[in-house]
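This report concerns only the one structure given below.
If you read the sequence from its start, that first residue is 1, and numbering goes on from there.
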Amino acid sequence: MLSLKNDKFRNLLIQKNVFTADTIKRYMDDGKDLIEGLMLKYKVEEEPVLRAEAEAINIPYIDLREKNPEPEVVTLVTQEICMKKDLIVFGNSGEVLDVAMANPNDVVTIDQLEKSTGLKIRPHLASRGAISRKINEYADHFKSDMVKKLLQSISDDTYQLTKKLGFEIRGIEELTEQAPIVKAVNLIILGAFLKRASDIHLLPTREKLKCLYRVDGLLMEDQMFPGTMAPAIISRLKIMAKLNITEKRMPQDGSFHIVIEGREIDFRMAVTPTIHGEKAVLRILDKSAIILGLEHLGINEDNLRVLLEVIQKPNGIILISGPTGSGKTTTLYSALDAINNGEKNITTVEDPVEYEIEGITQIQVHAEIGLTFSHVLRSILRQDPDVVLIGEIRDLETTEIALRASLTGHLVFATVHTNDAPSAVTRLFEMGAEPYLIASSLRAVMSQRLVRTICVKCREEYPISKEMAQKYFKDEKVTKLYKGKGCVYCFNTGYRGRTVISEIFEVKDYIRALIIEKATSVAIKEKAMANGFKAMFTDGMDKIKRGITTLEEVVKVTEDAE
């Protein structure tokens, strides 16, 4: 955004009643001129500021919420470029492309787009958040378009298919009998990419090799290969992951990296021997698929407001709790991204590092050589960090270092495995942390789960009984809910994508008093609820009534369904 030193921009903000002249003067008298800081201080919406900026630089403003362009228009520019440059195409007249940009004065990017598309570019100003949401909305169209172009450009030569995917194949392409295996592996990976899978499971049985994809948290069977192909397919993957193909009796772990049309994807592979041969599980880490931004995760408005407030604090510890696979890491990365303004030294300690974030120092622990969480933490605290992220608090030593670091002026983020937010406090008690340390340093705890969202293409209403309404919605007059009928778009599951349901409480004085007394999680939860805390199940019920998810999903992931 423009600086407040720009006279025209500053005057427009005053004329449009976004800020008063006195407010801007007081802010600038303190030696500050970044409009983002002023917006944050007074909690001002982004849209009126952007409209003033657009007028100041004489470029039209576009509200992307009002635009639903055809997929073939949006995908004229690749998702990689859209995300990297914060832009998206929303109009095509045949001669001119209308492009929403967070920085419409980026003449280098505009020139590159004109050369690559052969069309004139007409830039419009839009917010980064709106652009990210629109990119996410069209994510599946980007993928479909990419795979379609990829397959169209591939001949029957499996070497070309492998080369296009970016695999290292020296020594393999000469073995003509391996060509069908190479092609089978490539198609397994392409299928996972197209279906938005987070994991690939290759399970050998007596006669077959089953290929299953984990999509939106659930496994779905996709392809079957003859059992005779199983050893060769697993060996091909082991070569890619730089594993020992002659070792078939012991588990092995490895990784490999591929590039599909400029899109970087990492795979972590675990191979385990079974009675019918080796089973392989591949975790897919699509670097461009993670949309960093707390507002994109589905956190409800009240919880998001609290979270945004506490992450701006100069010190203290913020915990995110939940079981494995509940999206804790994504929430933490998004929180770091929200405060990563280039003015803070941010360091993470993780096991493993899942996604790389520009401008942040990320360290991966290696317990086998003594590089543990506690060891790394002691070292990085001597390197003047402002913010520290700890992948997981799992022992007393790490807990005490984290708590003391938060007391000495550092903002600390960490995860902990508990069923709900209040239980995180008693978990710290159980690990041996002193109550006074917890009470003094803990800022907030958020617990979350992931639930599948109803497919928008086949969503339909259905009536519910009075008994069900009374059981789950108390006295509210709820007569209908929503579900997905099942269609091609959602692979006949009725669901597509996932969202967060959450609960969060700030550690206020009345909570600190209970912590000092080593109160139970039940007592802490009751006190918090008396002061406005809403349990995760309540958030889930709200999303059910709004047609975002289903009752079955919420009940499945929450402990308390009262």
Side-chain angles (χ1 to χ4, degrees), residues 32 34 36-37 39-41 128-129 290-297 299 303-322 327-365 371-394 397-416 421 424 428 433 437-438 440-448 502 504 506-507:
K32 302 174 182 177
L34 294 176
E36 292 88 347
M39 292 166 60
L40 183 63
K41 183 176 180 180
R128 279 187 171 83
I290 184 168
I291 304 293
L292 291 175
L294 289 170
E295 67 274 16
H296 305 311
L297 304 182
I299 302 172
N303 292 350
L304 181 60
R305 176 181 50 78
V306 174
L307 186 58
L308 287 172
E309 287 178 1
V310 295
I311 66 175
Q312 297 295 335
K313 302 289 185 183
N315 53 57
I317 185 166
I318 299 163
L319 296 177
I320 307 293
S321 76
K328 300 189 299 296
T329 300
T330 300
T331 299
L332 284 175
Y333 280 174
S334 299
L336 289 184
D337 187 64
I339 60 175
N340 184 22
N341 56 10
E343 298 175 355
K344 295 177 180 177
N345 178 11
I346 303 175
T347 303
T348 74
V349 189
E350 306 171 66
D351 182 21
V353 174
E354 293 199 9
Y355 296 97
E356 295 179 17
I357 308 176
E358 189 175 348
I360 292 177
T361 302
Q362 295 175 271
I363 302 170
Q364 182 163 318
V365 302
L371 193 64
T372 61
F373 278 106
S374 56
H375 189 185
V376 176
L377 281 171
R378 288 195 203 93
S379 175
I380 64 175
L381 290 176
R382 294 192 289 270
Q383 297 188 347
D384 188 34
D386 298 297
V387 181
V388 178
L389 182 150
I390 305 170
E392 182 186 348
I393 287 182
R394 57 178 69 167
E397 190 175 13
T398 305
T399 303
E400 288 189 334
I401 294 173
L403 292 172
R404 293 186 187 279
S406 67
L407 287 175
T408 54
H410 305 89
L411 183 63
V412 179
F413 294 89
T415 70
V416 63
L428 297 179
L437 282 178
I438 302 171
S440 302
S441 59
L442 192 59
R443 290 282 188 184
V445 182
M446 186 172 93
S447 183
Q448 66 178 62
S502 61
I504 187 171
E506 269 190 280
V507 179

- Item | Main-chain N/O of Leu437 paired with Ser440 side-chain donor or acceptor, under 3.5 Å | no

- Message: Is any side-chain heavy atom of Thr408 closer than 4.5 Å to one of Leu381?
- Response: no

- Message: Checking Ile346 now: which residues fulfil side-chain contact (heavy atoms from CB on, under 4.5 Å) with it, not counting sequence neighbours?
- Response: Leu336, Ile339, Asn340, Lys344, Ile360, Val387

- Nearest heavy-atom pair of Asp384 and Asn345: which atoms, and what distance? O-ND2, 2.9 Å

- Message: So which atom in Thr331 and which in Leu294 form the shortest heavy-atom distance, rounded to 0.1 Å?
- Response: O-CD2, 3.8 Å

- Task: Compare all side-chain heavy atoms of Leu332 with those of Glu350 and state whether any distance is below 4.5 angstrom.
- Result: no

- Task: Can you see which heavy atom on Asn303 is nearest to which on Ile504, and at what distance?
- Result: OD1-CG2, 3.2 Å

- With rounding to the nearest 0.5 Å, note down the distance linking CD1 in Ile390 to CD1 in Ile380. 7.5 Å

- Message: Please report the interatomic distance NE2(His375) to CD1(Ile363), rounded to the nearest 0.5 Å.
- Response: 11.0 Å

- Ile438 pairs by side chain to side chain contact (heavy atoms under 4.5 Å, CB included) with which of Ile317, Val507, Leu403? Leu403

- Query: Are Gln448 and Leu297 side-chain neighbours, meaning at least one heavy-atom pair lies under 4.5 Å?
  - Reply: no

- Query: Do the non-hydrogen side-chain atoms of Glu392 and Asp351 ever get within less than 4.5 Å of each other?
  - Reply: no

- Query: Can you list the residues that meet the side-chain hydrogen bond (donor to acceptor under 3.5 Å, both in side chains) rule with Asn315, with sequence neighbours excluded?
  - Reply: Arg443

- Rounded to the nearest 0.5 Å, how far does CD1 of Ile320 lie from CG of Leu389? 9.5 Å

- Query: Between Val412 and Ala402, what is the shortest heavy-atom contact and its length?
  - Reply: CG2-O, 3.8 Å

- Task: Grab the two heavy atoms, one from Glu343 and one from Leu34, that are nearest each other, plus how far apart they are.
- Result: OE2-CD1, 4.1 Å

- Taking Glu506 for its side chain and Val306 for its backbone only, find out whether a donor-acceptor pair lies under 3.5 Å. no

- Message: Determine whether Leu319 and Leu428 satisfy the following criterion, side chain to side chain contact (heavy atoms under 4.5 Å, CB included), listing intermediate values before the conclusion.
- Response: CA-CA 11 Å; Leu319 296 177; Leu428 297 179; 4.0 Å; yes

- Before giving the answer on side chain to side chain contact (heavy atoms under 4.5 Å, CB included), spell out for Lys313 and Ile318 the whole-Å C-alpha distance, their side-chain angles and the decisive distance to 0.1 Å. CA-CA 10 Å; Lys313 302 289 185 183; Ile318 299 163; over 6 Å; no

- Interatomic distance, Leu304 atom CG to Met446 atom CE [nearest 0.5 angstrom]: 9.0 Å

- How many angstroms lie between CG in Leu377 and CZ in Arg382, if you round to the nearest 0.5 Å? 11.0 Å

- If we only count heavy atoms from C-beta on, is the Thr329 to Thr415 side-chain gap below 4.5 Å? no

- Query: Where do Ser406 and Ser441 come nearest, in terms of heavy atoms and distance?
  - Reply: OG-CB, 2.8 Å

